[in-house]
Undergrad: 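Here it is, the structure, as structure tokens.
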Amino acid sequence: MDWAVRLGYFSVMDGVAVALLALAWLASSWAIEHPPKFRLSVTKLMAQYRRVWMEHFVTRQPRIFDGHIVGSLRQSTAFFASASMIAISGIFALLGDADRLRGVAGEFADADAPVIVWEVKLLLILLFAANAFLKFVWSNRLFGYCSVMMGSVPNDESQLAYHRAAKAAEINIFAARSYNRGLRSVYFGIASAAWLLGGEALVGATAITLVVILRREFASQSREILMQDEPSA
């Protein structure tokens, strides 16, 4: 069976829906990581707090508290990486029994669609799950790098201490960026499951997911708290 025949199983709406999903996924990441200066995202605001954290880390005694924070961050990445692995395993199991999936989803969608249609739709979910797993694993490793660099910061308040703390802060920010990218892959991966119900459902799920993500970054109550003025020292 050639690709022309396979593509014939999908409608124009399917193609538009998948294109919109990919565009929303990529555009949301760009908007969050490169926001306008007059409307910073929560991610950018938190990056500033991570730098301030490492500045205070230099003079904090003892530094056990900071180690616990990094440890909790690594636990979060490990949890989501494990969850992504479970999701990947589940999708592979469904790929091995796509007929059963067609029987279940066929009650809400086109039950006459061939098995390959359901397999392609599952592969889209698998793509997001695999990307999320890779992002979470890399985030976990970067937080590990950050903890090592924090351990190399001298106890005195020399320029070397602040220089290494600043480097640790940047690694911490990169780790958080990878973690957030993994979360967005999870969000859009869940949205991609709506394709099992048809292209229209995928468009709706993509729109809802995009609104939720952008709201949390640019119009949430947590952002308002971060933007509140602070008294001068």
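Computed from heavy atoms alone, side chains included, the values below leave out hydrogens, waters and symmetry copies.
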Undergrad: Would you give the length of the straight line joining atom CE of M227 to atom CZ of R39, rounded to the nearest 0.5 angstrom?
TA: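 Rounded to the nearest 0.5 Å, the CE-CZ separation comes out at 7.5 Å.
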Undergrad: Counting N and O atoms only, with roles assigned by atom type, does the side chain of S147 sit under 3.5 Å from a partner on the main chain of G144, one being a donor and the other an acceptor?
TA: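 At least one qualifying donor-acceptor pair exists.
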Undergrad: For the atom pair CD1 (I190) and OG (S185), what is the distance rounded to the nearest 0.5 Å?
TA: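 Nearest 0.5 Å value for the CD1-OG distance: 11.0 Å.
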Undergrad: Donor-acceptor pair, distance only, cut-off 3.5 Å: does the side chain of N180 make one with the backbone of A176?
TA: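 Answer holds: yes.
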Undergrad: Apply side-chain contact (heavy atoms from CB on, under 4.5 Å) to the pair L94 and W118, showing each step before the final yes or no.
TA: CA-CA 10 Å; L94 285 174; W118 303 103; over 6 Å; no
Undergrad: Indicate if L134 and L123 have the same hydrophobic cluster label, given that clusters are the connected sets of ILVMFWY residues with side-chain heavy-atom separations under 4.5 angstrom.
TA: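 Yes, L134 connects to L123 through the hydrophobic network.
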Undergrad: D14 and G199: which non-hydrogen atoms are nearest, and at how many Å?
TA: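 What the structure gives for the nearest pair is OD1-N, 3.5 Å.
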Undergrad: S29 vs R184, test: side-chain hydrogen bond (donor to acceptor under 3.5 Å, both in side chains). Steps then yes/no.
TA: CA-CA 8 Å; S29 291; R184 286 193 291 273; 2.9 Å; yes
Undergrad: Take a 6.0 Å sphere around CZ of R141 and say whether it holds more than 12 heavy atoms from other residues, nucleotides or ligands.
TA: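 Check fails, neighbour count at 12 or below.
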Undergrad: If we only count heavy atoms from C-beta on, is the I69 to W53 side-chain gap below 4.5 Å?
TA: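 I69 vs W53: side chains touch.
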Undergrad: Between CD1 of I171 and CG of L142, what distance do you get to the nearest 0.5 Å?
TA: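 The CG atom of L142 is 6.0 Å from CD1 of I171, to the nearest 0.5 Å.
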Undergrad: Working to the nearest 0.5 Å, report the span between CZ of R164 and CE of M150.
TA: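 Here the rounded value is 14.0 Å.
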Undergrad: Does NZ or CZ of R63 fall inside the cone over F57's six-membered ring, less than 6.0 Å from its centre and within 45° of the axis?
TA: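 Pair R63/F57 counts as cation-pi.
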Undergrad: Look at the side chain of R181 and the backbone N and O of K135, then say whether any donor-acceptor pair between them is shorter than 3.5 Å.
TA: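 Flag not set: sc R181 to bb K135 has no pair under 3.5 Å.
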Undergrad: Following the transitive rule for hydrophobic clusters with a side-chain heavy-atom cut-off under 4.5 Å over Ile, Leu, Val, Met, Phe, Trp and Tyr, establish whether M54 and Y179 coincide in one cluster.
TA: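 Each belongs to a different hydrophobic cluster.
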Undergrad: Does S139 reach the main-chain N or O of F136 with its side chain, forming a donor-acceptor pair under 3.5 Å?
TA: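 No, because the side chain of S139 does not come within donor-acceptor range (under 3.5 Å) of the backbone of F136.
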Undergrad: Apply side-chain hydrogen bond (donor to acceptor under 3.5 Å, both in side chains) to the pair T43 and S41, showing each step before the final yes or no.
TA: CA-CA 5 Å; T43 296; S41 62; 4.6 Å; no
Undergrad: Consider only side-chain heavy atoms of I, L, V, M, F, W and Y, link residues closer than 4.5 Å, and tell whether L23 and I213 are in one cluster.
TA: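 In one cluster with L23: I213, no.
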Undergrad: For R223 versus V42, what's the shortest heavy-atom pair and its separation?
TA: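 Taking R223 first and V42 second, the nearest heavy atoms are CB-CG2, 3.6 Å.
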Undergrad: Return the minimal non-hydrogen interatomic distance between E55 and Y162, and the atom names on each side.
TA: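 Reported closest heavy-atom pair: O-CE2, 4.0 Å.
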Undergrad: Working to the nearest 0.5 Å, report the span between CG of N131 and CG of L126.
TA: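 Taking CG in N131 and CG in L126, the distance rounds to 11.0 Å.
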Undergrad: Are I125 and L20 joined in one hydrophobic group, where the rule is that I, L, V, M, F, W and Y side chains link up if heavy atoms are under 4.5 Å apart?
TA: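 The answer is no; the residues belong to distinct hydrophobic clusters.
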Undergrad: Examine L183 and V211 and state if one hydrophobic cluster contains both, with Ile, Leu, Val, Met, Phe, Trp and Tyr joined whenever side-chain heavy atoms are less than 4.5 Å apart.
TA: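 No, L183 and V211 fall in different hydrophobic clusters.
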Undergrad: Quick one: are Q61 and N155 in side-chain contact, heavy atoms under 4.5 Å?
TA: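 The answer is yes; the side chains approach within 4.5 Å.
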Undergrad: Calculate, to the nearest 0.5 Å, the distance between atoms CG and CG belonging to L202 and L124 respectively.
TA: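 That separation rounds to 7.0 Å.
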Undergrad: For I91 and A129, work out which heavy atoms get closest and say how close.
TA: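 Where I91 meets A129 most closely, the heavy atoms are CD1-CB, 4.3 Å.
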Undergrad: Please report the closest heavy-atom contact between V153 and A161, naming both atoms and the distance.
TA: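 Residues V153 and A161, closest heavy atoms: CG1-O, 3.6 Å.
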Undergrad: Would one find more than 12 heavy atoms of other residues, nucleotides or ligands at under 6.0 Å from atom CD of Q221?
TA: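 Counting other residues, nucleotides and ligands, CD of Q221 stays at 12 neighbours or fewer.
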Undergrad: Where do V203 and M13 land on the side-chain contact (heavy atoms from CB on, under 4.5 Å) test, with the steps shown first?
TA: CA-CA 9 Å; V203 171; M13 177 56 72; 4.2 Å; yes
Undergrad: Check whether any side-chain heavy atom of N140 lies under 4.5 Å from a side-chain heavy atom of F143, and answer yes or no.
TA: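 N140 vs F143: side chains apart.
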Undergrad: Yes or no on side-chain contact (heavy atoms from CB on, under 4.5 Å) for S28 and Y187, after CA distance, side-chain angles and deciding distance?
TA: CA-CA 12 Å; S28 62; Y187 293 152; over 6 Å; no
Undergrad: Apply side-chain contact (heavy atoms from CB on, under 4.5 Å) to W25 and F128, showing your working.
TA: CA-CA 10 Å; W25 176 38; F128 283 105; 3.6 Å; yes
Undergrad: With the threshold set at 4.0 Å, does a side-chain nitrogen-carboxylate oxygen contact exist between R51 and E170?
TA: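 Yes, charged N to carboxylate O under 4.0 Å.
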Undergrad: For residues S178 and W138, report the shortest heavy-atom separation together with the two atoms involved.
TA: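 Answer, listing the atom of S178 first, then W138: OG-CD1, 3.8 Å.
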